[in-house]
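One structure below.
Remember, predicted model here, so these are calculated numbers, not experimental data. Order of the sequence lines sets the chain letters (A, B, ...), proteins ahead of strands, with each chain counted from 1.
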Amino acid sequence: MIQVTLKDGSIREVEQGTTIGELAAAISRGLAKIAVAGKVNDKMKDLSYKLTENAAVEIVTIESEEGLDVLRHSTSHLMAQAVENLFPGTKLGIGPTIAKGFYYDFDSEHVFTPEDLTLIEKEMGRLAKEKYSYERREVSRAEALSYFGERGEKYKVELIEGLPEDVPISMYTQGNFTDLCAGPHLPSTTSIKAFKLMSLAGAYWRGNEKNKMLQRIYGTAFAKQSELEDHLFKLEEAKRRDHRKLGLELDLFSLHEEGPGFPFFHPKGMILRNALEDFWRQEHRRRGYQEIKTPIILNRSMWEQSGHWDHYKENMYFTEIDDQDYAVKPMNCPGGMIMYKTKLRSYRDLPLRVGELGLVHRHELSGALHGLLRVRNFTQDDAHLFMLPSQIKEELIGVIELVDSFYKVFGFEYNVELSTRPEDSMGSDEDWEIATKALQEALEDKGINYSINPGDGAFYGPKIDFHVKDCLDRTWQCGTIQLDFQMPEKFDLNYIGEDGQKHRPVMVHRVVYGSIERFIALLTEHYAGAFPAWLAPVQVRILPISERHHEYGKSLASLLNELDIRVETDERKEKISYKIREAQTEKIPFALVVGDQEAESKMVAVRRYGQGDAGQKMTIDEFIALVQEEIKSKKVLKGSQENA
RNA sequence: GCCGAUGUGGCUCAGAGGUAGAGCAGCUCACUCGUAAUGAGCAGGUCGUCGGUUCGAUUCCGACCAUCGGCUCCA
């Protein structure tokens with residue numbers, strides 16, 4: 001007999017050789033039904049795994065995230081089987097699970113079409129009903145190589161050759177299909193019922209653009225059909241929130257063939273932008289920042305000095321002025337350097353916090369452009385902090401707190417990454433080490449969870465990135481804090497220390513919004529276009545019931561306008577229900593219906609966005625107080641943030 | 001950049017080898033109306049661009065441009 005420690009801490013005696021599946025059945029029949037795998041001493045194993053010694057065992061059920069991963073992984077094998085049946089000769093790449101599903105990469109003569117997905121799904125359904133079991137077999141390296149070699153599975157062969165010597169090699173077989181796989185898998189295809197193939201895409205073998213491009217099929221699977229439907233519904237909902245769609249509907253911005261990646265901001269989009277910028281200026285002033293503006297185009301020699309000419313050229317735009325080379329700035333830092341050097345600085349002046357809402361241009365790959373989330377020109381809410389080495393930690397913490405306070409105002413969730421030295425970079429190992437450590441310490445001091453993103457730093461220094469989620473759960477980098485020992489060196493920045501000698505200041509680059517454009521995109525999706533009053537392009541719309549109420553409407557509008565409340569009056573000859581409908585579809589926070597009753601009593605009937613039904617009657621003063629309070633508090637409107 | 005798909009009036013979309021339609025929006029007229037679409041009429045497109053095939057192309061073919069989904073999550 002051996003002892004197994006279960007998840008709840010209880011200990012059970014079972015016979016040596018008992019499988020995890022049998023253990024689950026011994027615990028309860030219900031558990032056995034939903035068990036898909038087990039964790040033995042924290043390692044994932046099949047249900048058929050035989051327990052041979054004392055161990056901690058956890059039964060993984062299909063209802064857990066890990067259980068879903070097992071289901072999806074097995075579904076990806078099933079898909080590969082279906083593809084091989086339908087398109088013989090297809091070579092297999094890899095087929096892992098991902099956040100909300102799985103994919104499999106194929107190398108096939110046949111170019112898959114959306115119609116093929118339906119065919120493959122049908123074949124998968126047929127195969128699943130065959131109730132094949134997933135059989136695990138451990139093999140020697142030589143056996144694995146010969147098995148896949150004979151079948152011309154060159155990608156699998158490459159994978160096996162790349163495996164470390166001491167790793168056991170396993171293969172899983174269901175029916176006529178065998179794949180190289182570490183597992184675990186479902187006991188059989190029986191529980192694969194709710195799945196869907198989502199989309200087709202090209203993907204380089206091993207993610208390297210020098211390799212062949214394979215065809216990737218994305219799919220997803222759930223334990224129950226209802227969960228799959230729920231997931232698909234959420235995807236539809238997310239599409240409705242897409243900032244590109246809402247940007248058009250709400251008349252915020254547009255993109256044109258005449259300038260791919262160069263967005264046009266419309267009047268309403270500008271109001272949003274300006275509101276964000278005003279808030280930014282106010283918050284930064286309070287925290288001891290000064291604002292500057294530096295030129296967009298600067299001479300080549302300066303870009304050579306900054307290192308951009310050597311390390312960032314592919315992303316830059318160039319021009320010529322009076323036979324000399326110039327470049328359009330892809331970053332704001334050089335302007336900040338030049339500004340710093342305009343006078344002799346004292347240690348007493350530091351830290352110096354210099355902000356700039358700077359328009360930068362970067363040549364992004366055409367395939368990477370994406371609405372306002374990925375553009376070729378954008379405004380960074382940049383700032384450069386010049387400091388004494390002794391001030392580094394305090395300044396970094398100040399920025400971390402600033403970023404956090406901003407994101408809280410908008411109600412954004414975010415995660416933090418620390419990016420380390422990239423291949424193409426400048427500076428000494430020592431400097432990088434010190435800089436990376438300083439960032440790490442600041443994060444740890446604030447007790448912030450972060451992950452490390454190796455090699456993703458800027459060419460001049462490591463960075464902390466703040467990633468915000470969009471409505472499709474994709475994350476986008478917004479805020480970043482970069483510690484830089486290189487630029488001060490390159491530009492020979494100094495300050496006069498207490499000792500009367502020249503010293504090198506340390507510099508931090510940082511952004512909070514990241515790019516105003518990207519932040520607007522994320523806000524649009526986050527609020528589903530129903531911006532809180534302080535951001536709403538139109539805060540109040542007055543809806544006179546008929547022409548004889550226009551005058552009262554006008555007097556109301558001019559009153560609100562005087563108070564800097566953004567107000568419009570809808571004087572079209574339309575029915576009131578039509579005007580209300582439009583005010584709702586445009587997601588205006590407050591709609592005021594005014595007719596005989598209101599005009600006589602000097603009241604307004606307030607209809608709030610998303611709260612439907614008849615408006616609440618209040619005096620003009622009460623309404624003004626309400627709006628002003630809501631603008632001032634930056635309150636998030638009810639109903640605008642429900643999960644997509 | 002690479003793989004795949006798409007490109008028809010301001011928007012959403014239908015259509016076919018013989019030079020184009022619908023709904024919404026717009027304009028005009030009538031209705032002056034109480035909380036999510038009043039009715040009628042009018043106007044609007046060299047069918048992404050450039051070539052080729054054809055008696056004839058927006059429809060077929062090719063190139064280019066733009067857009068969309070991907071190209072990170074490692075058997």
Short N/O separations, protein against nucleotides 58-64 of chain B, under 3.5 angstrom:
none

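- Ring-plane geometry between His231(A) and Phe222(A) is classed as tilted, the angle between the planes lying from 30 to 60 degrees on a 0 to 90 degree scale.
- Evaluation of atom-type donor-acceptor distances gives no pair under 3.5 Å for the side chain of Glu314(A) against the base of G1(B).
- For Arg72(A), the side-chain hydrogen bond (donor to acceptor under 3.5 Å, both in side chains) criterion is met by no residue, not counting sequence neighbours.
- Among the duplex regions that RNA chain B forms, those built from at least three successive Watson-Crick or G-U pairs under 3.5 Å are B:1-7 with B:65-71, B:10-13 with B:21-24, B:26-30 with B:38-42, B:48-52 with B:60-64, ordered by first number.
- Residue contacts for Ala203(A): at a heavy-atom cut-off of 4.0 Å it reaches the sugar-phosphate backbone alone, with no base atom in range.
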Could you give me the CA-CA distance, side-chain angles and deciding distance for Tyr317(A) and Asn377(A), then say whether side-chain hydrogen bond (donor to acceptor under 3.5 Å, both in side chains) is met?
CA-CA 11 Å; Tyr317(A) 294 109; Asn377(A) 81 350; over 6 Å; no

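- Residue Arg206(A) is classed as having no contact, given no heavy-atom separation below 4.0 Å to the nucleic acid.
- Heavy atoms of Ser577(A) sit under 4.0 angstrom from primed sugar atoms or phosphate atoms, though from no base atom.
- Nearest to the side-chain atoms of Ile94(A) among the listed nucleotides U38(B), G34(B), C74(B) stands C74(B).
- Within the nucleic acid shown, Gly207(A) comes within 4.0 Å of sugar-phosphate atoms alone, with no base atom in reach, counting heavy atoms only.
- The existence of a salt bridge linking Glu551(A) and Lys554(A) is excluded, since no basic side-chain nitrogen approaches an acidic carboxylate oxygen closer than 4.0 Å.
- Judged by the 6.0 Å and 45° rule, Arg136(A) forms no cation-pi pair with Tyr134(A).
- For the pair Arg240(A) and Glu237(A), the salt-bridge criterion is met [side-chain N within less than 4.0 Å of a carboxylate O].
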